[in-house]
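These numbers were taken from a predicted model, which means no experiment stands behind them. Sequential numbering from 1 along the given sequence is applied to the chain's residues.
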Amino acid sequence: MSLHCDFPLRVRYAETDQMGLAYYANYFIWFEVGRAEFCRQRGFSYEQLERETHSFLVVAEAHCRYQTPLRYDAEFLVRTRLKEFRKRMLTFAYQLLNPAGDIIYAEGETVHVVTDNDGRPKSFPELYKKFLIDD
C-alpha cells in the first residue's frame with residue numbers, strides 16, 4: 001500500500017488569515033482534495049462509488065500536524081496514500097510538501113468508516129477493493 005498520489009495546489013488569498021498564512025482548517029480541505037484525486041488516479045471517483053454501491057466513506061477521525069506555515073500564493077503538493085485498509089475502515093495519510101519535496105508543511109491522517117445510506121457500517125465493496133489494493 002505504498003503507492004501515493006501527488007496533486008499540485010496553490011494557496012489562494014481566500015485561504016489565508018490576516019497574516020497571509022494558510023488558515024489551519026484549509027489543510028483538511030486539501031487532504032480531501034488529495035483523497036479524491038487519489039481515488040481518481042486509482043480508477044474511480046467518490047461519486048461513482050456512492051452511486052453504484054450505496055457506500056459512503058464517513059470521516060471518523062482527522063489529524064494534522066502543522067510543521068512549516070504555508071503562505072499566500074505558495075505552490076505545494078498534496079501527497080496522499082492509503083495507509084491502512086480494513087474490511088469496514090480505511091486510513092489515508094497525507095503530506096503537504098513544496099514542489100521539490102524537501103519541505104514538509106504538514107502531515108495528517110483521516111480514518112473513514114464505510115457506511116450504507118442509513119449510516120450503518122458495512123464492508124467496503126469488493127468491486128472497488130481491486131482499485132485500492134494491489135494483490
Quick one: which of Phe76, Phe7, Tyr105 gives a ring-ring contact (aromatic ring centres under 6.0 Å, His included) with Trp30?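 Testing each of Phe76, Phe7, Tyr105 against Trp30, the sole residue satisfying ring-ring contact (aromatic ring centres under 6.0 Å, His included) is Phe76.
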Closest approach of [X] and [Y], non-hydrogen atoms and distance?
| X | Y | value |
| --- | --- | --- |
| Thr110 | Ala62 | CG2-CB, 4.1 Å |
| Tyr24 | Tyr66 | O-OH, 3.1 Å |
| Phe38 | Arg81 | CE1-CA, 4.0 Å |
| Gln48 | Gly43 | OE1-O, 4.3 Å |
| Arg35 | Tyr46 | NE-OH, 2.7 Å |
| Ser123 | Val114 | O-CG1, 3.9 Å |

From [X] atom [atom1] to [Y] atom [atom2], the distance as rounded to the nearest 0.5 Å:
| X | Y | atom1 | atom2 | value |
| --- | --- | --- | --- | --- |
| Leu9 | Asn26 | CG | CG | 11.0 Å |
| Leu82 | Ile133 | CG | CD1 | 5.5 Å |
| Asn117 | Glu50 | CG | CD | 9.5 Å |
| His112 | Thr91 | NE2 | OG1 | 8.0 Å |
| Lys122 | Arg120 | NZ | CZ | 10.0 Å |
| His4 | Tyr94 | NE2 | OH | 14.5 Å |

Under the side chain to side chain contact (heavy atoms under 4.5 Å, CB included) test, residues paired with [X] that sit two or more places apart:
| X | value |
| --- | --- |
| Glu47 | Ser45, Arg51 |
| Leu77 | Asp6, Pro8 |
| Arg40 | Ala36, Glu37 |
| Gln95 | Arg79, Leu97, Ile104, Glu107 |

Sequence neighbours left out, what passes salt bridge (Lys or Arg N to Asp or Glu O under 4.0 Å) with Glu109? Give chain and number order.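 With sequence neighbours excluded, Glu109 shows a salt bridge (Lys or Arg N to Asp or Glu O under 4.0 Å) to Lys83, given in chain and number order.
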ILVMFWY network linking [X] to [Y], side-chain heavy atoms under 4.5 angstrom:
| X | Y | answer |
| --- | --- | --- |
| Leu132 | Tyr128 | yes |
| Met89 | Phe124 | no |
| Leu49 | Val58 | no |
| Leu127 | Phe44 | yes |

Test item: Asn98 side-chain N/O and Asp102 main-chain N/O as donor-acceptor pair under 3.5 Å: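 At least one qualifying donor-acceptor pair exists.
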Can any side-chain N or O of Asp17 pair as donor or acceptor with the backbone N or O of Met19 at less than 3.5 Å?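 Between the backbone of Met19 and the side chain of Asp17 there is a qualifying donor-acceptor contact (under 3.5 Å).
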Carefully, step by step, assess Val33 and Val78 under the rule side-chain contact (heavy atoms from CB on, under 4.5 Å). CA-CA 8 Å; Val33 169; Val78 181; 5.6 Å; no
Is the Phe31 ring parallel, tilted or perpendicular to the Phe28 ring (thresholds 30°, 60°)?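 Rings of Phe31 and Phe28: perpendicular, as their planes differ by over 60°.
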Within the supplied structure, the quantity of interest is the number of heavy atoms (other residues, nucleotides, ligands) at a distance under 6.0 Å from Phe131 CZ; does it exceed 12?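 Counting neighbours around CZ of Phe131, more than 12 heavy atoms of other residues, nucleotides or ligands fall under 6.0 Å, so yes.
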Salt bridge (charged side-chain N to carboxylate O under 4.0 Å, His left out): pairs with one or both residues in residues 59-73, sequence neighbours excluded: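 Applying salt bridge (charged side-chain N to carboxylate O under 4.0 Å, His left out) to every pair that reaches into residues 59-73, excluding sequence neighbours, yields Arg10-Asp73.
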Are any non-hydrogen side-chain atoms of Leu3 and Arg42 less than 4.5 angstrom apart?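 Side chain of Leu3 against side chain of Arg42, heavy atoms only: contact under 4.5 Å found.
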